[in-house]
Amino acid sequence: MKSFATIALLLISNLFMTFAWYGHLQFKKISWLHGLGLVGAILISWGLAFFEYVFQVPANRIGFEENGGPFSLFQLKVIQEVVSLTVFTLCAVFIFKTDKLAWNHLVGFALLVAAVYVIFKKW
């Protein structure tokens, strides 16, 4: 159950992270945000990043093995990276609609899955 909670919280956290880091690049498409300057974009991004941390910190605390969770620090990091790239890709393709998924992206994701295997494998 802790592994599911950890991954669910990381998914939510990364949704906020993606919008905090890249959402401001889409402001030109939203009329009331179109003229917002750099300082305004930074403040909105910071506001979104707050919610990123509201979900990310509990995810790592719940998931970390020294707190009774199932994952080591390295495993948490690899999970975070895979979740981050998955959420980013889905947002870029289906929400921001700025990029198309190409073969090289899929190969890169396959290599990430290989990285997960290597990190989680007990050698």
Side-chain angles (χ1 to χ4, degrees):
M1 188 63 172
K2 287 187 177 188
S3 58
F4 175 76
T6 298
I7 293 169
L9 288 168
L10 286 173
L11 283 166
I12 297 166
S13 169
N14 277 277
L15 191 57
F16 281 104
M17 180 188 80
T18 298
F19 280 96
W21 286 23
Y22 304 104
H24 61 89
L25 300 174
Q26 303 299 309
F27 283 3
K28 65 180 178 251
K29 297 178 182 177
I30 304 169
S31 61
W32 57 279
L33 293 173
H34 180 67
L36 194 63
L38 180 60
V39 173
I42 290 169
L43 292 174
I44 289 172
S45 292
W46 276 354
L48 290 167
F50 169 77
F51 292 102
E52 171 196 350
Y53 282 86
V54 164
F55 292 99
Q56 178 268 331
V57 171
N60 286 328
R61 290 180 71 95
I62 290 167
F64 186 45
E65 63 190 359
E66 290 185 20
N67 291 337
F71 304 119
S72 70
L73 212 53
F74 281 108
Q75 290 171 333
L76 280 170
K77 183 58 183 172
V78 170
I79 292 167
Q80 152 59 34
E81 293 302 327
V82 170
V83 167
S84 177
L85 287 171
T86 301
V87 169
F88 171 80
T89 299
L90 293 172
C91 286
V93 172
F94 296 109
I95 296 173
F96 299 151
K97 298 179 181 178
T98 56
D99 292 286
K100 291 183 173 31
L101 198 55
W103 70 268
N104 58 319
H105 301 128
L106 297 175
V107 170
F109 292 148
L111 292 172
L112 286 170
V113 170
V116 170
Y117 173 79
V118 169
I119 294 294
F120 276 77
K121 174 100 169 109
K122 302 294 182 206
W123 299 94

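If you're wondering where the values come from, they're calculated on a predicted model, not measured in any experiment. Side-chain atoms are counted along with the backbone in the values below, which use heavy atoms only and exclude waters and symmetry mates.
By the 4.5 Å heavy-atom criterion applied to side chains, Leu73 and Asn60 are not counted as neighbours. Residues Val82 and Phe109 are not in side-chain contact: their nearest non-hydrogen atoms beyond the backbone lie 4.5 Å or more apart. When side chains are defined from C-beta on, Leu101 counts as touching Leu106, because their heavy atoms get closer than 4.5 Å.
Not a single side-chain hydrogen bond (donor to acceptor under 3.5 Å, both in side chains) links Lys2 to another residue, sequence neighbours left out. By the salt bridge (charged side-chain N to carboxylate O under 4.0 Å, His left out) test, Glu65 is found to be paired with no residue, residues two or more places apart in sequence or in another chain being considered.
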### Query
Given the rule in the side-chain contact (heavy atoms from CB on, under 4.5 Å) test, do Leu10 and Ile79 qualify, once you have shown the distances and angles that lead to the verdict?
CA-CA 9 Å; Leu10 286 173; Ile79 292 167; 3.8 Å; yes
### side-chain contact (heavy atoms from CB on, under 4.5 Å) assessment of Val116 paired with Leu112
CA-CA 6 Å; Val116 170; Leu112 286 170; 5.7 Å; no
### Message
Could you walk me through whether Cys91 and Phe19 satisfy the side-chain contact (heavy atoms from CB on, under 4.5 Å) test, starting with their C-alpha distance in whole Å, then the side-chain angles of each, then the deciding distance to 0.1 Å, before giving a yes or no?
### Response
CA-CA 9 Å; Cys91 286; Phe19 280 96; 4.1 Å; yes
### Query
side-chain contact (heavy atoms from CB on, under 4.5 Å) between Trp21 and Ser45: does it pass, once the steps are laid out?
CA-CA 7 Å; Trp21 286 23; Ser45 292; over 6 Å; no
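Ring-plane geometry between Phe55 and Phe16 is classed as parallel, the angle between the planes falling under 30 degrees on a 0 to 90 degree scale with a further cut at 60.
Heavy-atom minimum distance, Val78 versus Ile119: CG2-CG1, 3.4 Å. Shown here for Pro70 and Gln75, the closest heavy-atom pair between the two residues is O-OE1, 3.9 Å.
Rounded to the nearest 0.5 Å, atoms CG (Leu48) and CG (Leu43) are 11.5 Å apart. Rounded to the nearest 0.5 angstrom, Ser84 OG and Leu11 CG are separated by 10.5 Å. To the nearest 0.5 Å, the span separating CG on Leu76 from OG1 on Thr6 amounts to 6.5 Å. We find the CZ-CZ distance between Phe74 and Phe120 to be 12.5 Å, quoted to the nearest 0.5 Å.
Residues Val57 make up the rest of the hydrophobic cluster containing Tyr53, defined by ILVMFWY side-chain heavy atoms closer than 4.5 Å, directly or through other members.
Sparse packing is recorded around CZ of Phe4, with 12 or fewer heavy atoms of other residues, nucleotides or ligands lying under 6.0 Å away.
Side-chain contact of Asn14 with Gln80: a donor-acceptor pair under 3.5 Å is present, judged by distance alone.
Between Phe88 and Phe96, a ring centre-to-centre spacing not shorter than 6.0 Å is recorded.
Checked by atom type and distance alone, the side chain of Asn67 pairs as donor or acceptor with a backbone atom of Arg61 at under 3.5 Å.
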